[in-house]
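Notes follow the structure.
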Amino acid sequence: WALAKMGNWPDAGLVQAMQRRGRETAGHFTAQNVTNLMWALAKMGIRPDAGLVVAMQARAKETAGDFKPVEISNLLQALVKLGITPDAGLVAAMQRRATAAAGEL
């Protein structure tokens, strides 16, 4: 996230290492972690590998109840910017969370 924010794009080796680590530790990601990772990749124009996309979408579904409205928006926007169609389960989970969050306001 910080590299993207600074406009400092990492080299290919670092991108591969970050994606591998993201796949390996996806089960520990919070809703904000998922969102920040996908947003950063989109900001840098780096399309994640298929394994990372699957892992992040799965984790987003697992933690859907923790997403804030802005995180829902940023995650879906990042996927669209990357040319990734969110899977139907993710869309459904985010819609349910957005509906619940609207009731919490």
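Numbers here are sequence positions counted from 1.
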### Summary
Heavy-atom closest pair (Ala26 atom, Met56 atom, distance to 0.1 Å) is CB-CE, 3.5 Å

### Task
Identify the heavy atoms of Asp49 and Gln19 that sit nearest to each other, and give their distance.
N-OE1, 2.5 Å

### Message
How close do Leu52 and Gly22 get, counting heavy atoms only, and between which atoms?
### Response
CD1-C, 3.8 Å

### Query
Just by modelled atom types, is the Leu82 backbone N or O under 3.5 Å from a matching donor or acceptor in the Arg47 side chain?
yes

#### Entry: From OG1 (Thr85) to CG (Leu90), nearest 0.5 Å
11.5 Å

### Task
Specify the closest pair of heavy atoms between Ala64 and Ala93, including all atoms of both residues, with the distance to one decimal.
CB-CB, 3.9 Å

### Query
Do the side-chain N and O atoms of Thr63 and Asp66 include a donor-acceptor pair separated by under 3.5 angstrom?
no

### Query
Taking atom NZ of Lys81 and atom CE of Met38, what is their separation to the nearest 0.5 Å?
12.5 Å

### Task
Report yes if some heavy atom in the side chain of Val70 is under 4.5 Å from a heavy atom in the side chain of Thr35; otherwise report no.
no

### Message
Under the rule for side chain to side chain donor-acceptor pair (under 3.5 Å), what residues qualify as partners of Lys61, not counting sequence neighbours?
### Response
Asp87

### Task
Only one of Ile84, Leu37, Val15 passes side-chain contact (heavy atoms from CB on, under 4.5 Å) with Pro48; say which it is.
Ile84

### Task
Give the C-alpha distance, both sets of side-chain angles, the deciding distance and a yes or no for side-chain contact (heavy atoms from CB on, under 4.5 Å) between Leu75 and Trp39.
CA-CA 7 Å; Leu75 174 59; Trp39 177 88; over 6 Å; no

### Query
Is there a donor-acceptor pair closer than 3.5 Å between any side-chain N or O of Glu71 and the backbone N or O of Ala31?
no

### Query
Side chain of Arg23, backbone of Gly51: donor and acceptor closer than 3.5 Å?
no

### Query
What is the minimum heavy-atom distance between Arg59 and Phe29, and which atoms define it?
NE-O, 2.7 Å

### side chain to side chain donor-acceptor pair (under 3.5 Å) partners for Asn74, two or more places apart
none

#### Entry: Heavy atoms of other groups near Glu62 CD, more than 12 under 6.0 Å
yes

